[in-house]
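Nothing here was measured: the structure is a model prediction, and the numbers come from that model. So you know, we letter chains A, B, ... as the sequences are listed, proteins then strands, and number each from 1.
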2 protein chains.
Amino acid sequence: MVDYDFMLSELKRILKDKGLKFTSQRELILKTLYENDGHFSPEDIYMIIQRENPDIKIGIATIYRTLALLEEEGLADSLSIDNGGKRYELGLKKHHDHFICTECGKITEFYDDVIEKRQEEVAKEHGFKMKSHSMKIVGICKECQDKNKQ
Amino acid sequence: MVDYDFMLSELKRILKDKGLKFTSQRELILKTLYENDGHFSPEDIYMIIQRENPDIKIGIATIYRTLALLEEEGLADSLSIDNGGKRYELGLKKHHDHFICTECGKITEFYDDVIEKRQEEVAKEHGFKMKSHSMKIVGICKECQDKNKQ
DNA sequence: ATACTAATTATAATAATTTTTCAATATAAT
DNA sequence: ATTATATTGAAAAATTATTATAATTAGTAT
């Protein structure tokens, strides 16, 4: 796992490169993504920050803006859920795909080499220059299946 | 390609099964999806219907409700695009995945047996009961790459 | 055919989510 | 420290989706 100091210096480097400024809000949002494992809506991030830093004021618009920036620069990744909007997670992690459970809403990560490799090939075959890819498998997780049986 | 009469009779059968009613609006929305190849937002569908049937009045809420119904019954499929909301396409087509071009926004369909098969296996390996799956490859399409070179 | 019942509709209001505007503030370079 | 500029929070605006309701319509039974 990439460590926080590295991500922070990446953020600083990127901001400098683009003539943008390093702010406490941007740092805080990155840190929040780093310290919380999961897939969060902007609203989630907003509430986590408020809960964990009752002294700090931050606007929801800043959350939206910053998450978009982090994603653009690869420091965050997003996932579109069927209902409602995007969920964000920390970027620079090993690439992976997602299981989404329709019963409990849980999002689980998985990785499969065969699929990864084949995606590259398929893109190449179609002359498509791949920048990213995502796969979602929607269904019912093991836990919910067991729960249903009882 | 499944023909329209089949889809229409499917719709009628499903509605009857569920004690719902066959209405001109529901038929019109299915027909619109059938006759227009592409991936449309509810707003798109609304505008296409208004344009092609200036005499008919239909409410945007009906579009939303009907698309959700059609999707639930498999007569339509939806795809979450990064910006904004869902895009719908006709259902009962052969399953496929999507290329999304970040330059021109074009969505292209593709199908790959290796990926399909492997998805089934991965879900099974994780004890996940797959209901559906989707894959998006985001990048730059051949046409835009060529355009950029000029 | 007609009448009846319940589902469906359009419209408008409402809710939820995301983006934009703008004046005040904070940052980075000098 | 000063200055120029990017960023922020707050509120307004825009977008997207859902809900309530009275009127209408489809499907069934008569």
Side-chain angles (χ1 to χ4, degrees), chain A residues 8-9 11-32 39-47 49-50 53-73 75-76 78-88 105, chain B residues 8-9 11-32 39-47 49-50 53-73 75-76 78-88 105:
Chain A
L8 190 58
S9 57
L11 175 59
K12 286 179 178 169
R13 184 186 58 74
I14 289 164
L15 291 173
K16 182 166 260 178
D17 277 3
K18 307 190 78 174
L20 304 178
K21 289 172 179 173
F22 179 75
T23 65
S24 61
Q25 290 89 340
R26 285 172 176 166
E27 176 175 11
L28 184 54
I29 291 166
L30 180 67
K31 181 159 150 287
T32 302
H39 301 79
F40 306 103
S41 68
E43 194 67 33
D44 291 336
I45 303 282
Y46 183 58
M47 290 192 302
I49 288 180
Q50 287 187 321
N53 312 74
D55 45 324
I56 289 175
K57 249 195 190 173
I58 192 167
I60 187 73
T62 299
I63 309 279
Y64 276 93
R65 282 184 290 231
T66 303
L67 287 172
L69 170 69
L70 293 177
E71 181 177 20
E72 203 174 328
E73 300 304 333
L75 298 177
S78 81
L79 172 69
S80 297
I81 298 296
D82 262 6
N83 67 324
K86 286 189 189 180
R87 297 300 164 87
Y88 289 87
Chain B
L8 191 57
S9 56
L11 176 60
K12 286 179 177 170
R13 185 186 58 74
I14 289 165
L15 291 172
K16 181 166 260 179
D17 278 3
K18 307 191 76 173
L20 304 178
K21 289 173 178 173
F22 178 76
T23 64
S24 60
Q25 290 88 342
R26 286 173 174 163
E27 175 175 11
L28 183 54
I29 290 167
L30 179 68
K31 180 159 150 288
T32 302
H39 302 80
F40 307 103
S41 69
E43 195 69 30
D44 291 336
I45 303 283
Y46 184 57
M47 289 191 302
I49 288 180
Q50 287 187 321
N53 313 74
D55 45 324
I56 289 176
K57 251 193 189 174
I58 192 166
I60 187 72
T62 299
I63 309 279
Y64 276 94
R65 280 183 293 234
T66 302
L67 287 172
L69 171 68
L70 293 177
E71 182 178 20
E72 202 173 330
E73 299 305 332
L75 298 177
S78 81
L79 171 69
S80 296
I81 297 296
D82 262 6
N83 68 323
K86 285 189 189 181
R87 298 301 164 85
Y88 289 87

Item to check | side chain to side chain contact (heavy atoms under 4.5 Å, CB included) between Leu67(B) and Lys86(B), worked out | outcome: CA-CA 10 Å; Leu67(B) 287 172; Lys86(B) 285 189 189 181; over 6 Å; no
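- Between Gln25(A) and Thr62(A), the side chains place no donor N or O within less than 3.5 Å of an acceptor N or O (distance only, hydrogens not considered).
- The distance from atom NZ of Lys12(B) to atom C1' of dT8(C) is 17 Å, rounded to the nearest whole Å.
- Atom CZ in Arg87(A) sits about 9 Å away from atom P in dT18(C), given to the nearest Å.
- A search for salt bridge (charged side-chain N to carboxylate O under 4.0 Å, His left out) contacts involving Glu43(B) returns nothing, not counting sequence neighbours.
- Looking only at distances, a side-chain donor or acceptor of Asp44(B) sits under 3.5 Å from a matching main-chain atom of Ser41(B).
- dA16(C) atom P lies 15 Å from atom CG of Asp44(A), rounded to whole Å.
- Taking atom CG of residue Leu28(B) and atom P of nucleotide dA26(D), one finds them 14 Å apart after rounding to whole Å.
- Applying the 4.0 Å criterion to OP1 and OP2 of dT18(C), one finds that Tyr64(A) has a side-chain N or O inside that range.
- Ile63(A) has its CD1 atom 13 Å from the P atom of dT19(C), to the nearest Å.
- The two residues Leu15(A) and Arg26(A) come nearest to each other via the heavy atoms CD2-NH1, 3.9 Å.
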Report each atom pair, protein N/O against N/O of nucleotides 10-15 of chain D, whose distance is under 3.5 angstrom.
residue, atom, partner, partner atom, Å
dA10(D), OP1, Lys57(A), NZ, 3.0

Output one line per pair: protein atom, nucleotide atom from nucleotides 25-29 of chain C, and distance, for all N/O pairs under 3.5 Å.
residue, atom, partner, partner atom, Å
dT27(C), O3', Phe22(A), O, 3.4
dT27(C), O2, Lys21(A), NZ, 2.7
dA28(C), OP1, Phe22(A), N, 3.2

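- When side chains are defined from C-beta on, Ile81(A) does not count as touching His39(A), because their heavy atoms never get closer than 4.5 Å.
- Considering all non-hydrogen atoms of both residues, Tyr88(B) and Ala68(B) come closest at OH-N, 4.4 Å.
- If you take CD of Gln50(B) and P of dA10(C), they are 11 Å apart, rounded to a whole angstrom.
- At whole-Å resolution of the value, NZ in Lys86(B) and P in dT17(C) are 14 Å apart.
- Pairing each heavy atom of Tyr46(B) with each of Gly59(B), the nearest pair is CE1-C, 4.0 Å.
- Remark: P of dT7(D) and CG of Leu67(A) are 15 Å apart, rounded to the nearest angstrom.
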